[in-house]
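Keep in mind that the numbers below use all heavy atoms, side chains included, and drop hydrogens, waters and symmetry copies.
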Amino acid sequence: MKTNVTVYEKILKVNDYLAKANHLLFDTNRVFTLSIIGSPGAGKTLLLEKTVKELLEQNYQCAVLVGDIATTRDAERLHKFGIPAIQLTTGGACHLEAQQIQEAVNDLKLQEIDFLFIENVGNLVCPSSYDLGEHLRIVLTSVPEGDDKIEKYPSTYKKADVVILNKIDYIDKNFNIDKVKKDLGILAPNCHWFELSCYTGTGIDTWINFLIEQKKIRLDK
């Protein structure tokens, strides 16, 4: 067991080193980079579709790296916007790592990109341990998943910069949104919180304005 732990720690150290290199590369090219973590079906790809569409209409250039165990379906959904959308198939691994991001961005013209989105593999456990060099880590949860996810996956939410509650059009008496906010406030009091519905478009404008403002604060000084 001790050997396994030692190997895991070494893997994370290497990953952190590469993540720092990624972060420097993004800073140098002024590419605002965001990673998205969420369960399968939470709405990660639909959130990206809505976000990219709005940003393109405001003349921002976007690119997306999409992580999945298999298939290229999510990247194909994003190609329709005419943006670089690179599928990263892990072949069974439950998360993306900094090295995969480093290799993928070699195929991008970073100097021409304003926003880079990284959609991680659908999982609320493994992705939280791996820094990718992003500026903001987003955790997407949805109403149909229930109001206990923050309690069940505390390490994931504790490391989040942003938490988005999606599918708010499904909220009913069985979903306690005040409990969700309270749980998040205990774990990550400085985390940004958004409530939206990618299906109806509710809250998308507020989300887009936040992204643009954060890019200005962090990169457009």
Side-chain angles (χ1 to χ4, degrees), residues 22-23 26-27 29-39 41-67 74-86 96 101 105 108-120 122 127 132-145 156-157 159-171 177 180-181 184-185 188 190-221:
N22 288 347
H23 193 92
F26 298 144
D27 276 352
N29 287 278
R30 297 171 67 185
V31 180
F32 192 44
T33 304
L34 307 97
S35 68
I36 303 176
I37 296 173
S39 300
K44 297 185 296 299
T45 306
L46 184 56
L47 173 65
L48 285 174
E49 289 179 304
K50 296 289 186 179
T51 301
V52 166
K53 179 178 181 295
E54 293 295 326
L55 289 173
L56 289 175
E57 288 180 356
Q58 298 192 44
N59 296 316
Y60 289 101
Q61 300 304 309
C62 303
V64 181
L65 307 180
V66 184
D74 289 347
E76 290 168 4
R77 286 173 58 179
L78 292 157
H79 275 140
K80 66 186 178 185
F81 295 103
I83 64 170
I86 299 175
L96 294 176
I101 305 305
V105 296
L108 298 175
K109 296 179 180 179
L110 291 178
Q111 66 276 13
E112 298 178 4
I113 297 171
D114 298 302
F115 290 88
L116 173 63
F117 297 94
I118 304 170
E119 179 185 337
N120 219 311
L132 303 178
E134 66 270 68
H135 291 103
L136 290 179
R137 176 178 293 192
I138 302 157
V139 178
L140 180 68
T141 189
S142 64
V143 171
E145 295 175 70
T156 297
Y157 287 92
K159 296 176 182 178
D161 300 300
V162 177
V163 171
I164 297 175
L165 177 64
N166 188 26
K167 305 184 183 181
I168 59 171
D169 46 313
Y170 283 92
I171 287 182
I177 193 169
V180 176
K181 291 179 180 179
L184 183 63
N190 297 319
C191 184
H192 298 278
W193 168 263
F194 291 89
E195 301 169 23
L196 54 82
S197 168
C198 292
Y199 180 72
T200 66
T202 302
I204 293 295
D205 288 346
T206 301
W207 163 241
I208 296 299
N209 291 337
F210 168 78
L211 291 181
I212 293 172
E213 183 63 25
Q214 286 295 307
K215 182 181 187 303
K216 291 177 179 178
I217 292 171
R218 293 168 182 267
L219 295 178
D220 298 342
K221 299 175 181 178

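- Tyr157 OH to Leu184 CG: the interatomic distance, rounded to the nearest 0.5 Å, is 8.5 Å.
- With a 6.0 Å radius and a threshold of 12 heavy atoms from other residues, nucleotides or ligands, Tyr199 has its OH atom at or below the threshold.
- Glu213 is linked by a salt bridge (Lys or Arg N to Asp or Glu O under 4.0 Å) to nothing, counting only residues two or more places apart in sequence or in another chain.
- Residue Arg137 holds its CZ atom at 10.0 Å from CD1 of Ile118, rounded to the nearest 0.5 Å.
- A tilted orientation is assigned to the rings of His135 and Phe26, their planes being inclined by 30° to 60°.
- The shortest distance between side-chain heavy atoms of Trp207 and Val162 falls below 4.5 Å.
- Heavy-atom minimum distance, Ser35 versus Leu132: CB-CD1, 4.3 Å.
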For this session: Determine, stepwise, if the pair Leu116 / Val105 fulfils side chain to side chain contact (heavy atoms under 4.5 Å, CB included).
Result: CA-CA 10 Å; Leu116 173 63; Val105 296; 4.1 Å; yes

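- Proximity of Glu134 to Leu34: side-chain heavy atoms (C-beta onward) are nowhere separated by under 4.5 Å.
- In terms of modelled atom types and a separation under 3.5 Å, the side chain of Asn120 and the main chain of Ile37 share no donor-acceptor contact.
- Looking at Asn166, its side chain never comes within 3.5 Å of a backbone N or O of Leu140 through a donor-acceptor pair.
- Contact between Ser39 and Lys44 at its shortest, heavy atoms only, is O-NZ, 3.1 Å.
- In this structure, Ile208 and Gln58 have side chains that are in contact, with non-hydrogen atoms separated by less than 4.5 Å.
- Side chains of Leu136 and Arg218 form a contact here, defined as non-hydrogen atoms less than 4.5 Å apart.
- Between the side chain of Lys167 and the backbone N or O of Cys198 there is no donor-acceptor pair closer than 3.5 Å.
- Residues Leu211 and Phe117 are in side-chain contact: their nearest non-hydrogen atoms beyond the backbone lie under 4.5 Å apart.
- The shortest non-hydrogen separation linking Val31 to Leu110 is CG2-O, 3.2 Å.
- Remark: Glu49 engages Arg77, Lys80 in a salt bridge (Lys or Arg N to Asp or Glu O under 4.0 Å) (not counting sequence neighbours).
- Side-chain contact check for Ser197 and Asp169: at least one donor-acceptor pair (N or O, by modelled atom type) lies under 3.5 Å.
- The closest side-chain heavy-atom distance from Val52 to Phe115 is not below 4.5 Å.
- Residues Ile164 and Ile36 have side chains not in contact (no heavy-atom distance under 4.5 Å, counting atoms from C-beta outward).
- Between Ile171 atom CD1 and Ile177 atom CD1 the span is 4.0 Å, to the nearest 0.5 Å.
- Interatomic distance, Thr51 OG1 to Tyr60 OH, rounded to the nearest 0.5 Å: 14.0 Å.
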Evaluate the criterion side chain to side chain contact (heavy atoms under 4.5 Å, CB included) for residue pair Val180 and Trp193; output intermediate values, then yes/no. CA-CA 11 Å; Val180 176; Trp193 168 263; 3.6 Å; yes

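- Annotation for Cys62 and Pro84: closest pair O-CD, 3.5 Å, computed over non-hydrogen atoms.
- Between Gly133 and Asn22 the shortest heavy-atom distance is CA-CB, 4.1 Å.
- Contact of the Ile86 side chain with the Leu108 side chain is registered, since non-hydrogen atoms from C-beta on lie closer than 4.5 Å.
- In this structure, CD1 on Ile113 lies 9.0 Å from CG on Asn29, to the nearest 0.5 angstrom.
- A salt bridge links Lys53 with Glu57: the distance from a Lys NZ or Arg NE/NH1/NH2 to an Asp or Glu carboxylate oxygen falls below 4.0 Å.
- Residues Ala75 and Ala85 come closest through the heavy atom pair O-CB, 3.8 Å.
- Applying the salt bridge (Lys or Arg N to Asp or Glu O under 4.0 Å) rule to Glu119 yields no partners; only residues at least two apart in sequence or on another chain are considered.
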